[in-house]
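Notes for the one structure printed next.
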Amino acid sequence: MSYLELKDIHKAYYLGKEAFPVLNGINLTFERGEFVAILGESGGGKSTLMNIIGGLDRQFQGQVLLQGTALDHHQEKQMDQYRRETVGYIYQSYNLINHLSVLDNVLISLDMTKLNRSEREQRAKQLLTQVGLADQIKKYPNQLSGGQKQRVAIARALASDPQIIIADEPTGALDSENTTEVLKILDQIAAEGRLVICVTHSQDVANAGTRIVRLADGKITDDERVKPAYPVDENRQQIAARKLPWYVPLNTAFKHLRYTWTWNLIIIIGTAIGLFAVMLFNGLGNGLKGYINQEINDMVNPRVVTVSRYQKSSQSQRGGSQEGNQQAAAMGASVTTTNQPTFSTAQLSKLKKVAHVQTVQPILSASNATITVGNKDYTASSLTTWTASNRKSIIKAGHVAGKNEIVVDKSSVAKKWSSKNWKQLVGKKVTVAFQTTNKSGKSVTVKRQLTVAGITDSTTGSGVNAVTYATMKDMRSAKNLSTQPTSVAVKVDSREHNDAVTKQINKLKIDGKRVYRATSIASMLDTVNTYVNLATTILAAIAGISLLVSALMIIVTMFMSVSARKKEIGILRALGESRRDIRRLFTSESLIIGVISALLATGIAYGIGAALNKVLYQIASYNMIEIQVSNIISTFIIALVIALLAAILPAWRAARLNPIDALAAD
Ligand SMILES: Nc1ncnc2c1ncn2[C@@H]1O[C@H](COP(=O)(O)OP(=O)(O)OP(=O)(O)O)[C@@H](O)[C@H]1O
């Protein structure tokens with residue numbers, strides 16, 4: 001049984017339906033330790049035969065037997081393994097990978113062996129030393145002479161310790177000195193017990209072998225033994241092969257990107273700009289929400305639900321829109337008491353019993369009060385009672401009002417009194433008056449002298465002028481007016497229960513009738529947040545359109561990369577890489593572009609965000625751009641998805657290339 005046997009190999013190329021026969025029944029046997037020169041005219045089919053022996057060509061008739069077992073050229077995985085484990089290629093045009101260093105060109109083959117990292121590196125260096133290139137390992141192929149390139153190619157062919165070395169015109173591009181050198185190395189390889197098959201049209205080259213096989217008209221015309229084959233050490237342990245690990249294509253992709261960094265940098269910047277815009281708009285959305293929430297929370301306690309008596313809309317029309325009044329009440333502003341229904345003690349205690357309710361504070365309000373300081377009158381659009389819904393932080397001078405005291409609005413009262421020394425209004429006696437109607441519908445003026453306890457500044461627009469409920473009650477009872485509250489501030493035990501309590505109160509019925517209408521600032525905040533989210537998502541989506549352009553740029557780059565690297569694809573396939581490895585190579589490249597773009601986008605977004613925050617802080621005293629970890633994570637996810645989608649077609653195309661055609665590419 002021969003080591004390698006060719007049985008009745010026929011091969012024809014087709015142009016349309018017309019067949020051009022190249023090999024017409026080749027029968028040959030080869031043994032290890034032989035250096036076989038296949039000699040023939042140009043165009044005689046030598047390379048075609050080598051591609052069949054090497055497992056690259058699958059379209060032929062006949063059989064290739066390795067140690068008696070026929071190879072199935074239609075089993076792609078078996079052929080990948082055959083090339084990986086058994087065959088090493090040396091070409092006339094060297095076929096080195098230009099973006100890899102000399103050492104890496106050899107290592108690319110060693111990556112498919114089970115040697116560990118340092119053993120692989122050691123073997124690569126040892127092989128390069130053997131071919132006389134110990135001091136050239138860091139160079140790139142374009143920095144080498146032809147002879148040196150061919151010696152790198154020989155080192156690479158030997159790296160995975162294959163038993164068959166196929167050399168296709170290995171000296172065709174070399175001068176006589178280098179030719180002699182390369183033939184000597186090939187002879188040494190055969191002497192190690194390997195089978196060297198060398199294709200040539202030069203008799204001189206053929207004479208260097210142990211056997212010369214002549215090929216003419218697609219047939220073997222002569223098979224001459226020049227000298228005996230070298231002995232084979234059957235006990236020699238061959239280096240075990242393995243499939244290419246996933247990280248090797250990633251590594252190669254990274255090296256390629258580094259080699260062609262200028263062009264890739266443009267793509268990366270283009271992609272990063274789109275990602276950055278999306279990130280910035282999301283950050284702006286977070287900032288705006290934070291700002292609005294802070295502003296409102298500063299003024300109004302979000303744990304407070306404001307409750308008034310429920311009226312059917314026809315009843316409430318006289319007092320203006322009930323919804324509007326409710327919202328104003330929720331914001332801490334007052335609403336008119338005129339003809340508004342009040343809460344009975346029973347109705348108040350029913351509210352207290354609702355789950356998660358902590359306190360129930362009554363509210364009495366009046367509209368258009370007059371505050372007189374000395375002989376000057378100031379109009380307060382409302383006078384209300386202070387409750388837990390009002391934040392103490394809105395008091396800018398003085399303190400919360402106690403019995404017979406009042407807090408007055410800064411802009412509509414205090415600043416009008418004295419724009420410079422407005423704080424000095426604190427401690428002054430003022431007369432507060434407002435008009436309302438009594439039970440019988442007669443107009444009554446309520447008037448009381450109070451001391452200014454503090455000055456409020458609320459940005460809700462209406463301003464807060466407030467007294468304690470006890471003071472308001474005193475003022476009203478002095479005129480025989482009802483002191484039952486017109487609305488109520490219900491404090492909930494936590495922000496999370498706010499919604500549930502609001503719903504619960506709205507559902508409460510007394511004698512089968514709805515009694516309460518509850519409005520919570522928390523639900524208003526939720527509505528505001530929803531709108532801000534919507535607006536910023538739309539902005540981010542518009543910015544996201546630029547990501548489509550980025551995706552197209554990556555697709556174009558990948559297609560160009562595949563076209564430019566056809567030869568590399570052919571070389572990698574010849575070395576034994578599978579289609580999946582090739583797909584991974586291009587997908588990795590695209591993913592690396594995506595990740596670097598996302599990193600760059602994060603950097604730019606933080607930089608520009610910080611600069612914008614500096615400017616905006618002067619205006620709003622708030623950092624308006626708030627880029628969160630979730631924004632960064634989603635940017636990376638978007639980048640990876642775009643990169644992955646952009647890589648699908650080019651990677652698929654690369655993987656489907658016929659290795660022979662790919663190797664023939666310029
Ligand atoms: N892909 C192809 N399609 C059609 N014809 C082809 C193809 N590849 C090779 N041929 C033809 O097959 C014949 C054998 O080509 P092959 O490359 O095997 O010859 P060769 O002996 O290696 O030649 P050379 O010494 O010039 O490299 C040639 O006539 C060539 O034109």
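One-based numbering, in listed order, for ligands and for the atoms of each. The figures here come from the full heavy-atom set of this structure, side chains too, leaving out hydrogens, waters and symmetry mates.
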Contacts table for ligand 1: protein N or O within a distance under 3.5 Å of ligand N or O, distances only.
unit_1: ligand 1; atom_1: 18 (O); unit_2: Ser47; atom_2: N; d: 3.4
unit_1: ligand 1; atom_1: 18 (O); unit_2: Thr48; atom_2: N; d: 2.9
unit_1: ligand 1; atom_1: 18 (O); unit_2: Thr48; atom_2: OG1; d: 2.5
unit_1: ligand 1; atom_1: 19 (O); unit_2: Gly45; atom_2: N; d: 3.3
unit_1: ligand 1; atom_1: 21 (O); unit_2: Gly44; atom_2: N; d: 3.1
unit_1: ligand 1; atom_1: 21 (O); unit_2: Gly45; atom_2: N; d: 3.0
unit_1: ligand 1; atom_1: 21 (O); unit_2: Lys46; atom_2: N; d: 2.9
unit_1: ligand 1; atom_1: 21 (O); unit_2: Lys46; atom_2: NZ; d: 3.1
unit_1: ligand 1; atom_1: 22 (O); unit_2: Ser47; atom_2: N; d: 2.8
unit_1: ligand 1; atom_1: 22 (O); unit_2: Ser47; atom_2: OG; d: 2.6
unit_1: ligand 1; atom_1: 23 (O); unit_2: Gly43; atom_2: N; d: 2.8
unit_1: ligand 1; atom_1: 25 (O); unit_2: Lys46; atom_2: NZ; d: 2.9
unit_1: ligand 1; atom_1: 26 (O); unit_2: Ser42; atom_2: OG; d: 2.7

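Arg225 and Glu34 are joined by a salt bridge, as a carboxylate oxygen and a charged side-chain nitrogen come within less than 4.0 angstrom of each other. Under 4.0 Å is where a charged nitrogen must lie from a carboxylate oxygen, and between Asp223 and Arg211 at least one such pair does.
The distance from atom CD1 of Ile593 to atom CE of Met553, rounded to the nearest 0.5 Å, is 9.0 Å.
In summary, the side chains of Ser578 and Asp80 do not present any donor paired with an acceptor at a separation below 3.5 Å, with no hydrogens or angles considered.
Listed by first then second residue, pairs satisfying ring-ring contact (aromatic ring centres under 6.0 Å, His included) with a partner in residues 115-159 read Tyr140-Tyr259, not counting sequence neighbours.
The side-chain tip of Lys17 does not point at the ring of Tyr14 from less than 6.0 angstrom away and within 45° of straight on.
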